[in-house]
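Heads up: the structure comes next, in structure tokens.
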Number of protein chains: 2
Amino acid sequence: MFSKSTEYALRATIYIAQESSPEKKLSLNQIANAIDSPPSFTAKILQLLTKDNCVISSVRGPNGGFYITETAKQLPIRKVLEAMDEQDLFIKCILGLNNCSETKPCPMHYQYQPIKKQLIKLFESKTILQLADPSQPANFLVNNSL
Amino acid sequence: MFSKSTEYALRATIYIAQESSPEKKLSLNQIANAIDSPPSFTAKILQLLTKDNCVISSVRGPNGGFYITETAKQLPIRKVLEAMDEQDLFIKCILGLNNCSETKPCPMHYQYQPIKKQLIKLFESKTILQLADPSQPANFLVNNSL
DNA sequence: ATAATTAAGGACAAAAATACCTTTAATTGT
DNA sequence: ACAATTAAAGGTATTTTTGTCCTTAATTAT
């Protein structure tokens, strides 16, 4: 569905929204550890998410780290996809065509269109806050079959 | 959603199902041209699809080429994903976790699960034949904004 | 048999994605 | 001011994906 980068970005954003606040910032290592991602690579991804403080905010120095504002929590999760430049989902069809439309449907158009609509609605309507429900257990680890 | 390889594989399979028969085989170049894919790369993908004559069949030599049997047309399009070894869709969740389940839901589980179900159903229940509806125009080209 | 045609298969190349490492900049506490 | 801490930024390395090319094998027609 998504690239690894985008998966990490979504996990990181949700985790930060669950655990952080402007008073309680999270370090790179805390985040990478929690979402089971390589720290150095995660640093790059967090850089993209903090660009213009759009989704995630950050401060350097002691007691610095990453956090999210209450305002940013109200953003739809589509913002994460935008920050990661992963928008094929919204543009292309399931066969990879970008000119597939109602008037020029590809052979899978009528099968996939309703699903695509739901995917778009999910990312457009659900906010970061709504996914970061602290009453739910986080469960981010990929291989915790312990 | 899918890798380029899988996109080409789906397009090729549907095109072959639309245009070919054991009596009317299609050459690599015909296929690559029709689905707007690089010929040499498409050759590799067709090799995977013809493995064990599972989805696509082929014969070498003059008047040879690729075609699909009536039997193979009855296969669900999931077979194409299997041949391309692209099955993350069926296993992983939208955050890339493979241990996300009803008992251990990830933060997006309840939002994504119904959509995932529909995707699986689409690939499990729709046959190649059903997508290769010859009454529909093919429209495979990516950039035919003419 | 031979030549022509077409897919199969292997080696290789380019590009993109993923991951790491080192230096720099900002912030804080002493 | 200085040292410690932490993210930002840049470069580099590795892996995977995508794509090309060339030789081999199979089939057909002559």
Side-chain angles (χ1 to χ4, degrees), chain A residues 1-13 16 20 22-33 35-68 81 83-88 96 142, chain B residues 1-13 16 20 22-33 35-68 81 83-88 96 142:
Chain A
M1 175 75 68
F2 294 129
S3 65
K4 283 250 174 255
S5 306
T6 300
E7 287 175 1
Y8 295 151
L10 285 167
R11 290 196 232 160
T13 302
I16 292 168
S20 87
E23 300 79 45
K24 187 192 170 199
K25 303 184 197 72
L26 303 169
S27 75
L28 170 63
N29 284 325
Q30 281 180 292
I31 295 165
N33 192 62
I35 69 171
D36 194 30
S37 63
S40 325
F41 190 45
T42 308
K44 290 289 178 198
I45 290 159
L46 289 171
Q47 260 181 59
L48 290 174
L49 291 171
T50 50
K51 196 104 206 252
D52 311 318
N53 278 348
C54 188
V55 180
I56 301 297
S57 303
S58 69
V59 293
R60 299 199 248 202
N63 301 316
F66 300 90
Y67 66 98
I68 187 168
L81 303 190
M84 301 305 295
D85 204 37
E86 174 118 36
Q87 303 199 71
D88 280 0
V142 173
Chain B
M1 174 75 69
F2 294 129
S3 66
K4 280 257 173 249
S5 305
T6 300
E7 287 174 0
Y8 295 151
L10 286 167
R11 289 195 232 160
T13 302
I16 292 167
S20 88
E23 300 80 43
K24 186 194 170 199
K25 303 184 197 75
L26 302 169
S27 75
L28 171 62
N29 284 324
Q30 281 180 293
I31 296 165
N33 191 61
I35 69 171
D36 195 29
S37 63
S40 321
F41 190 45
T42 307
K44 294 290 175 198
I45 290 159
L46 288 170
Q47 260 180 60
L48 291 173
L49 291 171
T50 50
K51 195 107 205 249
D52 311 318
N53 278 348
C54 188
V55 180
I56 300 298
S57 304
S58 69
V59 294
R60 298 198 247 199
N63 301 315
F66 300 91
Y67 66 98
I68 186 167
L81 303 190
M84 301 306 295
D85 203 37
E86 174 117 37
Q87 303 199 72
D88 280 0
V142 173

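In what follows, chains carry the letters A, B, and so on, assigned in the order in which the sequence lines appear, proteins first and then strands, with residues in each chain numbered from 1.
Note that CD of A/Q87 and OG1 of A/T6 are 10.0 Å apart. Values are rounded to the nearest 0.5 Å.
Taking only side-chain nitrogens and oxygens, B/S27 never comes nearer than 4.0 Å to OP1 or OP2 of C/dT5. Remark: B/S58 is not in phosphate contact with C/dT6, judged by side-chain N or O atoms under 4.0 Å from OP1 or OP2. Residue A/T50 has no polar side-chain atom (N or O) positioned under 4.0 Å from OP1 or OP2 of D/dA7.
Distance alone, capped at 3.5 Å, places no donor-acceptor pair between the B/S20 side chain and the B/K25 backbone. Side chain of A/T13 to backbone of A/A9: a donor-acceptor contact under 3.5 angstrom is found. Side-chain atoms of A/T50 do not come within 3.5 Å of backbone N or O of A/S57 as any donor-acceptor pair.
A/Q30 has its CD atom 13 Å from the C1' atom of D/dT5, to the nearest Å. Residue A/L48 contributes atom CG, which lies 14 Å from atom C1' of C/dA19 at whole-angstrom precision. Atom-to-atom, OH of B/Y67 to P of C/dT6 comes out at 16 Å; the value is rounded to the nearest Å. The nearest whole Å value for the distance from the CD1 atom in A/I35 to the P atom in C/dA19 is 11 Å. To the nearest angstrom, P of D/dA9 lies 15 Å from CD1 of A/I45. For the pair A/L49 CG and D/dA7 P, the computed distance is 14 Å after rounding to whole Å. Per the geometry, NZ belonging to A/K25 stands 11 Å off P belonging to C/dT27, to the nearest Å. Rounded to whole Å, the distance from CE on B/M1 to C1' on D/dT17 is 19 Å.
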Encode nucleotides 18-28 of chain D as B, S and - characters from 5' to 3', where the letter depends on protein heavy atoms closer than 4.0 Å: B to the base, S only to sugar-phosphate, - to neither.
SBB----BBBB
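Between the side chain of A/Q47 and the base of D/dA9, at least one donor-acceptor pair of N or O atoms lies under 3.5 Å.
Partners of B/Q47 according to the side-chain hydrogen bond (donor to acceptor under 3.5 Å, both in side chains) rule, which considers only residues two or more places apart in sequence or in another chain, do not exist here.
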Please evaluate residues B/S27 and B/Q30 with respect to the criterion side chain to side chain contact (heavy atoms under 4.5 Å, CB included), reporting the C-alpha separation (whole Å), side-chain torsions for both, the decisive distance (0.1 Å), and the verdict.
CA-CA 5 Å; B/S27 75; B/Q30 281 180 293; 3.4 Å; yes
List the steps, then state whether side chain to side chain contact (heavy atoms under 4.5 Å, CB included) holds for A/L10 with A/M84.
CA-CA 10 Å; A/L10 285 167; A/M84 301 305 295; over 6 Å; no
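Among the heavy atoms of the strands lying under 4.0 Å from B/L26 are primed sugar atoms or P, OP1, OP2 only; no base atom is included.
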